[in-house]
Amino acid sequence: PCSAMGQRPLLRWGKSYQDVLDHASYQRHFLRTAARLLRDGGEMVYSTCTLTAEENEENVRWALDELPLELLDARQTALGESAPLEDCAALALMGLSGCGLDEAQRRCVLRFAPRLWDV
């Protein structure tokens with residue numbers, strides 16, 4: 001569950017900042033439950049259809065701080081094993097700065113922006 005602000009038809013819907021914070025908080029309950037149910041050695045994918053940092057990078061930061069999880073590099077899985085990880089396309093996908101993730105962590109998360117990708 002997210003604010004869905006990344007879906008093109010929903011960009012015009014009025015969402016308040018409090019709505020975004022409420023969604024981010026609700027998502028943390030899902031993350032906590034998913035981490036508890038995750039099998040040893042398993043991988044969890046966290047994905048939203050929104051553009052807000054609160055529901056994306058900030059929730060990843062929260063999960064790394066609060067849950068027994070480690071951040072894996074999503075670029076190889078999403079872009080392919082042979083994709084150059086430092087090319088312009090890969091760098092355009094990295095997480096937002098100033099949202100709690102360091103530079104290496106920002107490179108591990110992917111952000112598909114509608115203005116850059118036809119998604």
Side-chain angles (χ1 to χ4, degrees):
C2 67
S3 64
M5 291 176 72
Q7 295 180 12
R8 287 184 183 173
L10 299 180
L11 282 173
R12 292 186 203 97
W13 286 15
K15 294 279 184 182
S16 71
Y17 185 61
Q18 188 59 52
D19 290 334
V20 171
L21 294 177
D22 290 345
H23 283 291
S25 175
Y26 191 51
Q27 291 158 354
R28 291 175 182 187
H29 293 289
F30 281 89
L31 285 165
R32 182 178 282 115
T33 299
R36 192 179 73 241
L37 297 172
L38 190 64
R39 174 177 44 191
D40 285 342
E43 294 181 12
M44 179 173 61
V45 174
Y46 176 69
S47 178
T48 71
C49 58
T50 192
L51 301 172
T52 67
E54 292 82 357
E55 295 175 85
N56 290 296
E57 290 86 356
E58 291 181 17
N59 266 351
V60 171
R61 173 78 270 148
W62 175 86
L64 293 172
D65 290 343
E66 300 294 327
L67 304 172
L69 298 172
E70 65 180 83
L71 183 61
L72 302 176
D73 194 334
R75 295 174 296 177
Q76 290 182 331
T77 302
L79 303 176
E81 292 288 330
S82 62
L85 298 182
E86 299 304 320
D87 72 358
C88 290
L91 293 176
L93 295 172
M94 63 192 279
L96 296 176
S97 62
C99 299
L101 301 177
D102 64 31
E103 189 73 13
Q105 291 167 331
R106 287 180 52 225
R107 290 173 187 263
C108 290
V109 300
L110 299 175
R111 177 175 272 273
F112 294 95
R115 71 182 187 287
L116 300 175
W117 295 79
D118 189 22
V119 294

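Side-chain atoms are counted along with the backbone in the values below, which use heavy atoms only and exclude waters and symmetry mates.
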Can you tell me how far the CD atom of Glu55 sits from the OH atom of Tyr26, to the nearest 0.5 Å?
13.0 Å
Does any non-hydrogen side-chain atom of Arg107 lie less than 4.5 Å from one of Asp73?
no
Can you tell me how far CD of Gln105 sits from CD of Glu57, rounded to the nearest 0.5 angstrom?
11.5 Å
Could you report the tightest heavy-atom contact between Arg106 and Met94, atom names first, then the distance?
O-CB, 3.2 Å
Between Arg61 and Glu58, is the closest basic N to carboxylate O distance under 4.0 Å?
no
Using a distance-only test with no angle check, is there a side-chain donor-acceptor pair under 3.5 angstrom linking Ser25 and Asp22?
no
Using 0.5 Å steps for rounding, measure from the CG atom of Asn59 to the NE2 atom of His23.
12.0 Å
Considering all heavy atoms, the nearest Leu67-Ala35 contact
CD1-CB, 4.1 Å
Taking the side chain as every heavy atom from C-beta outward, state whether Leu93 and Arg75 have any atom pair closer than 4.5 Å.
no
Is Glu66 salt-bridged to Arg32, going by a charged N under 4.0 Å from an acidic O?
no
Which heavy atom in Ala34 sits nearest to a heavy atom in Met44, and how many Å separate them?
CB-SD, 3.2 Å
Holding to side chain to side chain donor-acceptor pair (under 3.5 Å), I want the full list of residues that pass it with Asp102, two or more places apart in sequence or in another chain.
none
Side chain Asn56, main chain Thr50, donor-acceptor under 3.5 Å
yes
So how far is it from Trp62 CH2 to Leu69 CG, rounded to the nearest 0.5 Å?
9.0 Å
Glu43 CD: over 12 foreign heavy atoms closer than 6.0 Å:
no
Atom pair CG/CG of Leu31 and Leu64 - distance to nearest 0.5 Å
10.0 Å
